[in-house]
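The analysis underlying the following values was restricted to heavy atoms, covering all of them including side chains, and did not include hydrogens, waters or symmetry mates. The chains referred to below are lettered A, B, ... by the order of the sequence lines, with proteins before strands, and numbering in each begins at 1. Remember, it's a predicted structure, so these values are computed and weren't measured experimentally.
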Protein chains: 2
Amino acid sequence: MSTEKRQNTLFVGALAKGLRVLRAFDETHTELSLTELAARTGLDKSAVQRLANTLHLEGMLDKDPATRRFRPSHAWLQMAYVYYWSDPLVARAMPRLIELSQQLGETVNMAELSGDHIIYVSRLPCKRTHFAASVVGRRLPALSTSAGRAILSTFPADERAAAVEQWMLARHTPHTTMDRSEIAAAIEEAVQQGYAVSRDQMILNEMAIAAPICGPDGRAFAAVQCSVSAHSWTADKIRRNILPALQDTANAISPGASRS
Amino acid sequence: MSTEKRQNTLFVGALAKGLRVLRAFDETHTELSLTELAARTGLDKSAVQRLANTLHLEGMLDKDPATRRFRPSHAWLQMAYVYYWSDPLVARAMPRLIELSQQLGETVNMAELSGDHIIYVSRLPCKRTHFAASVVGRRLPALSTSAGRAILSTFPADERAAAVEQWMLARHTPHTTMDRSEIAAAIEEAVQQGYAVSRDQMILNEMAIAAPICGPDGRAFAAVQCSVSAHSWTADKIRRNILPALQDTANAISPGASRS
DNA sequence: AAACAAGTATCATAATATAATACTTCGCCA
DNA sequence: TGGCGAAGTATTATATTATGATACTTGTTT
């Protein structure tokens with residue numbers, strides 16, 4: 001794309017284009033034809049033909065013989081499997097997250113910071129919920145999530161300020177906070193309390209509470225989060241019934257804490 | 001690799017090599033240096049340098065600035081996220097799997113057939129368990145799993161026979177059944193009963209029971225599975241306490257069944 | 001049945017991936 | 001501390017190979 005990359009002899013354009021084909025698939029584009037791929041990637045029809053064909057032969061894309069449309073293959077799931085083994089936090093956290101979800105009987109998630117987004121790494125749904133809330137790998141703007149705010153609350157003040165100013169925001173519900181000073185206030189509250197609570201940010205009637213998972217330096221890179229329905233919970237009830245176990249779990253996961 | 005692919009003008013070698021770099025990572029190789037990548041892929045050092053660098057720039061590989069080693073990035077998780085949206089079975093199954101796991105209080109999985117393997121698509125762990133058993137995307141030889149056998153049990157007799165004969169087997173525990181006639185017998189039992197039970201196949205002291213998720217033609221392509229500890233369960237208790245709900249769930253998920 | 005759109009195949013051309021090599025940095029052991 | 005060796009990084013001439021225009025085939029629509 002940018003000239004720097006193209007000029008660089010250490011950059012393999014064909015590979016980058018292949019990845020662009022893979023990235024053409026998303027939540028709303030789960031099955032794409034050749035021409036749709038060409039349109040979405042901005043690549044030449046012939047190029048897409050060759051790239052998609054290669055990805056198909058290599059098992060990265062399934063092809064419906066009837067419609068000739070491409071879909072993500074099981075290999076996309078396997079990539080997550082390999083990721084899990086590569087992330088030491090997951091192995092450390094999993095047993096405690098399971099315990100927590102059993103104890104609370106409510107949906108428990110773990111999220112990691114990924115640029116200015118958080119990404120859900122582990123999800124243990126306990127209640128029927130909106131599909132997107134039960135699937136790993138989802139990325140959301142960190143500023144709009146309790147997990148992101150909990151993580152940010154462990155950063156030095158200047159970094160917090162920079163993040164609140166610059167990190168992206170996107171409206172997901174009519175009540176998503178788009179006012180950055182409000183977000184700053186929420187984060188400062190999290191700094192004081194050691195946890196973050198949010199409401200109606202991503203889904204209506206969803207309340208979430210998150211506690212940071214801190215490294216030895218006190219800086220968080222992940223958070224344990226619990227989301228509940230506002231129909232059956234209040235902020236106060238959450239603080240009384242969820243917060244203690246949530247915080248214990250986050251602390252137990254934090255590297256530096258004693259083993260099991 | 002094979003000459004057919006290389007000769008084909010519709011095959012982009014550079015992309016295939018890039019994928020080979022990605023596939024160099026697995027459970028036991030979660031972090032690789034340039035030279036290790038070259039060794040594992042069989043590619044030239046310079047080629048790996050260019051490919052890995054491209055994957056890094058495109059956000060597919062993280063690079064530890066200190067050790068210069070590459071690791072799978074969060075993008076690997078996002079691929080799973082996109083996969084989930086592309087697989088209609090997942091959306092259909094998720095709420096019922098959650099319900100089932102809550103009802104049973106035991107680990108519930110959904111697996112799909114993928115060649116001669118099954119792949120875990122959804123996992124709802126309820127008890128502390130071995131890490132690999134709590135992570136999606138794991139592929140296991142279908143013949144050695146209750147899910148695989150349950151799926152196979154819905155196939156016509158000749159296909160069952162061919163699978164039992166040809167599909168791969170791998171020893172995972174001292175008790176993994178390596179005798180194909182024993183496996184054939186287990187599958188015939190599943191044909192009669194409509195579900196499959198297995199024991200000690202992948203993990204010692206693990207018992208599993210699986211019911212097929214069938215298409216309108218009666219042929220299964222996935223299964224709901226429940227795994228429990230042999231310390232607290234017997235085959236009989238499983239049949240009494242787990243099977244009914246498990247089968248109801250599998251049937252409810254099967255396309256053609258009435259909605260919700 | 002005709003017309004069109006989408007998928008597939010072919011090919012000359014030039015762009016670009018290649019791999020040899022040289023350079024730099026890092027870690028190890030004397 | 002200093003020097004050796006291995007690993008990572010950068011450069012370049014060469015020819016492999018990706019490109020995209022074009023022609024062909026299929027199958028869908030009106």
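- Taking side-chain N and O atoms only, B:T35 has a distance below 4.0 Å to OP1 or OP2 of D:dG8.
- Nucleotides of DNA chain C nearest to A:K63 and B:A47 differ in position, and the one nearer the 5' end is that of A:K63.
- Listed by chain and residue number, A:E58, B:L19 satisfy the side chain to side chain contact (heavy atoms under 4.5 Å, CB included) test with B:R23 (two or more places apart in sequence, or in another chain).
- Distances shown here put a side-chain N or O of A:S33 below 4.0 Å from the OP1 or OP2 atom of C:dG7.
- Contact annotation: B:R50 reaches the phosphate of C:dT18 (side-chain N/O to OP1 or OP2, under 4.0 Å).
- Comparing D:dA10, D:dA21, D:dT19 by their closest approach to the side chain of B:S46 singles out D:dA10.
- Taken over five-pair windows at either terminus, the axes of the helix from C:dA1-D:dT30 to C:dA30-D:dT1 are inclined to one another by 50° (rounded to 10 degrees).
- A:V121 is listed as a side-chain neighbour of B:L77, based on a closest heavy-atom distance under 4.5 Å.
- Closest of all the heavy-atom pairs between A:C214 and A:G218 is SG-O, 3.7 Å.
- Projected onto DNA chain C by closest heavy-atom contact, A:A14 and A:R69 fall at different nucleotides, the more 5' of which corresponds to A:R69.
- A donor-acceptor pair under 3.5 Å is absent between the side-chain atoms of B:S73 and the main chain of B:D62, judged by distance alone.
- When the side-chain nitrogen and oxygen atoms of A:K45 are compared with OP1 and OP2 of C:dA5, none of them lie within a distance under 4.0 Å.
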